[in-house]
Amino acid sequence: MDDTIVAISTSLGVGAISIVRVSGTDAIEIVNSIFKGKDLTKVKSHTINYGHIIYKGEVIDEVLVSVMRAPKTYTKEDIVEINCHGGISTTNKVLEALIESGARQAEPGEFTKRAFLNGRIDLTESEAVMDLIESKSDIERRLALQNESGALKEMITKYRDKLKDLISHIEVNIDYPEYYDIEVVDDKKINDSLDYLIKELKHLIKESEGKKIIKTGIKTVIVGRPNVGKSSILNKLLNYNKAIVTDIEGTTRDIVEGDIYIDGIHLNMIDTAGIRKTDNKIEKIGVEKSLSLIDDADLVLVVLDESKLLTKEDKEILDKTKNKTSIVVLNKSDLTKKINENDLKGRNVVETNTVDEKGLESLKNEIRTLFNLDKIEVLDYTYLSSARSLALARKALSSLESAKESAITNSPIDLLEIDIKDAFDDLGEITGETASDEIIDNLFKNFCVGK
């Protein structure tokens, strides 16, 4: 981290303003070498300075330059941000001038990686930064902001302190059994401590699994035979005509996707090709893709035309989805009902239509009920937001449960201690205290350039 990095931190395109960020020991000197205005090496920290970027005798742009001196910066290094006029050509020209003046193009997530390596944030806060950037709803934003503030780091640190305390007492009793003035760690104390620690970790995992849906959303696949109204349902939910709707069977031959939100929870809606036997090569590929999507879906909407009796194809689709989280949507409720609901016993069933303004309210309400959307507790915004941290927490829980089993069976105490230390290390990997360089590098590769 001895060099100075640079990247465009705003989306590249036409806009009012673009920001080019520079961080490192020589950040101020490098920018100052192409800046005409005040001498940036002499201005106060956290000031904005007006001037021009001039390179090879050419005025590149009229800019505002923010100078922020270490250590009170995002990376804890000197940072300079150049606010230039938005536009691909201008922004790239400023970036080019900085690189040719001595800065290096930053790698994805390298600014945040430096913030981590310099001790300003931990891995949970780093992940929360990306969650905040990618948040699409207010509830996602609030959850990300809470973790970005360090709440999860504080929780994990306090929990590890309790593990450390238990490990210390065990080690003292192993190494100095002859001393009478130390606190004796007997079976009851170990069991009580492990019971408490397991209960607390289980609670955190359960809460995190419940809130995971807020971040990942619900992958929702709409399936059914041709002309039952799948595309009409998608269009109605999206409030615009995304999918083509006609009376001709097999109109939808590839997947059509769209996003909706119910109670702040994101649903990725996927309309699929009508499932039927066909000799049309292209349509056949679409049908095969529809069937494959069912396996990966969090929710399957099985659409049936309730104005017609169940067909053989309907029954095959129902059988294919019987073990999935699904809702049977009896569409076209505005027409005369012919379907026999006795054939749908044991399934979640709703009646809908795409004619009435509130024709899909029953479907939305069933989704709310099925996923408890109206009961998602968001008062406590502290949770494990990534698959990585959740997997590590489960691994730590498994180690503690193994330690508990060893305590019950009176196994040697040093074996029990190994399991507790494993849990301590796994939780340390969540915050980054015990994470390897490879894990850290892979995590930041998923960040956008300039952050």
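From I121, atom CD1 reaches atom NZ of K153 across 9.0 Å, with rounding to the nearest 0.5 Å. Going from atom CG of N331 over to atom CG of L363 covers 9.5 Å, rounded to the nearest 0.5 Å. Going from atom CZ of R141 over to atom CD1 of I133 covers 14.5 Å, rounded to the nearest 0.5 Å. Rounding to the nearest 0.5 Å gives a distance of 7.0 Å between CG of D298 and CD1 of I218. The distance from the NZ atom of K404 to the CD1 atom of I420 is 11.0 Å, given to the nearest 0.5 Å. Rounded to the nearest 0.5 Å, atoms CG (L373) and NZ (K364) are 12.5 Å apart.
In this structure, a donor-acceptor pair under 3.5 Å is absent between the side chains of H52 and D61. A donor-acceptor contact closer than 3.5 angstrom is absent between the side chains of T321 and S326.
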Could you walk me through whether I260 and L238 pass side chain to side chain contact (heavy atoms under 4.5 Å, CB included), step by step?
CA-CA 6 Å; I260 68 168; L238 296 178; 3.5 Å; yes
K202 and E401: salt bridge (charged side-chain N to carboxylate O under 4.0 Å, His left out), yes or no, with the steps?
CA-CA 11 Å; K202 278 184 175 179; E401 288 175 334; 3.7 Å; yes
Please lay out, stage by stage, how I327 and L370 fare under the test side chain to side chain contact (heavy atoms under 4.5 Å, CB included). CA-CA 9 Å; I327 299 173; L370 197 57; 3.9 Å; yes
- Query: After noting the C-alpha distance and the side-chain angles of V65 and L40, does the key distance pass the side chain to side chain contact (heavy atoms under 4.5 Å, CB included) rule?
  - Reply: CA-CA 9 Å; V65 176; L40 299 179; 4.0 Å; yes
- Please step through salt bridge (charged side-chain N to carboxylate O under 4.0 Å, His left out) for the pair K320 and E316, ending with a clear verdict. CA-CA 6 Å; K320 172 75 174 175; E316 288 175 351; over 6 Å; no
(request) Take T75 and S23, measure what side chain to side chain donor-acceptor pair (under 3.5 Å) needs, and give me the verdict at the end. (result) CA-CA 7 Å; T75 60; S23 179; 2.9 Å; yes
Item to check | side chain to side chain contact (heavy atoms under 4.5 Å, CB included) between L132 and M130, intermediate numbers included | outcome: CA-CA 5 Å; L132 193 58; M130 205 62 214; over 6 Å; no
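Looking at heavy atoms from C-beta onward, Y50 lies in side-chain contact with E62 at the 4.5 angstrom threshold. Between D263 and R368, some side-chain heavy-atom pair lies under the 4.5 Å cut-off. For the pair L304 and V329, the minimum side-chain heavy-atom distance is 4.5 Å or more. Using a 4.5 Å cut-off on side-chain heavy atoms (C-beta onward), T91 and C84 make contact. Counting heavy atoms from C-beta on, the side chains of I60 and I54 never come closer than 4.5 Å. K219 places a side-chain heavy atom less than 4.5 Å from the side chain of I270. With contacts defined as side-chain heavy-atom distances shorter than 4.5 Å, the pair L123/E433 does not qualify. A heavy-atom distance below 4.5 Å is found between the side chains of I167 and E417.
The main-chain N or O of R225 is found under 3.5 Å from a side-chain atom of K230 such that the two form a donor-acceptor pair. In this structure, D78 contributes its side chain and A27 its backbone to no donor-acceptor pair below 3.5 Å. In terms of modelled atom types and a separation under 3.5 Å, the side chain of N353 and the main chain of D356 share a donor-acceptor contact. A donor-acceptor pair under 3.5 Å is formed between the side chain of T47 and the backbone N or O of K44. Counting only distance, with no hydrogens or angles, the side chain of T434 and the backbone of D425 share a donor-acceptor pair below 3.5 Å. Without hydrogens or angle criteria, D39 side chain to T41 main chain gives a donor-acceptor distance under 3.5 Å. One N or O on the side chain of N365 and one on the backbone of E361 form a donor-acceptor pair closer than 3.5 Å. At least one donor-acceptor pair under 3.5 Å links the side chain of Y159 to the backbone N or O of L197. Between the side chain of T73 and the backbone N or O of R69 there is no donor-acceptor pair closer than 3.5 Å. Counting only distance, with no hydrogens or angles, the side chain of D26 and the backbone of T4 share no donor-acceptor pair below 3.5 Å.
Closest of all the heavy-atom pairs between A423 and A396 is CB-O, 3.6 Å. Here the shortest heavy-atom pairing between L397 and I198 reads CD1-CG2, 3.9 Å. Annotation for S389 and I430: closest pair O-CD1, 3.5 Å, computed over non-hydrogen atoms. Here the closest non-hydrogen pair linking S18 and G86 is OG-CA, 3.4 Å. Taking each heavy atom of L416 and A407 in turn, the nearest pair found is CD1-CB, 3.5 Å. For F371 against T325, the heavy-atom pair with the smallest separation is CZ-CG2, 4.0 Å.
When each of N239, N235, L234, I233 is checked for a side-chain contact (heavy atoms from CB on, under 4.5 Å) with L237, only I233 meets the rule. Each of S402, S399, S398 was scored for a side chain to side chain donor-acceptor pair (under 3.5 Å) with D419, with one residue passing: S402.
Taking the charged nitrogens against the carboxylate oxygens, R388 and E127 do have a contact shorter than 4.0 Å, which makes a salt bridge. Under 4.0 Å is where a charged nitrogen must lie from a carboxylate oxygen, and between D426 and K395 at least one such pair does. Residues E125 and R120 are not paired through a salt bridge, judged by the lack of any N-O separation under 4.0 Å between the basic side chain and the carboxylate. Using a 4.0 Å cut-off between charged nitrogen and carboxylate oxygen, E110 and R104 count as a salt-bridge pair. With respect to D441 and K113, a salt bridge is recorded, a charged nitrogen being found less than 4.0 Å from a carboxylate O.
Remark: R114 fails to qualify as a cation-pi partner of Y74 under the 6.0 Å distance and 45° angle criteria applied to the six-membered ring.
With a 6.0 Å radius and a threshold of 12 heavy atoms from other residues, nucleotides or ligands, K38 has its NZ atom at or below the threshold. At most 12 non-hydrogen atoms from other residues, nucleotides or ligands lie less than 6.0 angstrom from OH of Y196. The number of heavy-atom neighbours closer than 6.0 Å to CD1 of I99, taken from other residues, nucleotides and ligands shown, is above 12.
Residues passing the side chain to side chain contact (heavy atoms under 4.5 Å, CB included) test with A128, sequence neighbours excluded: N147, E148.
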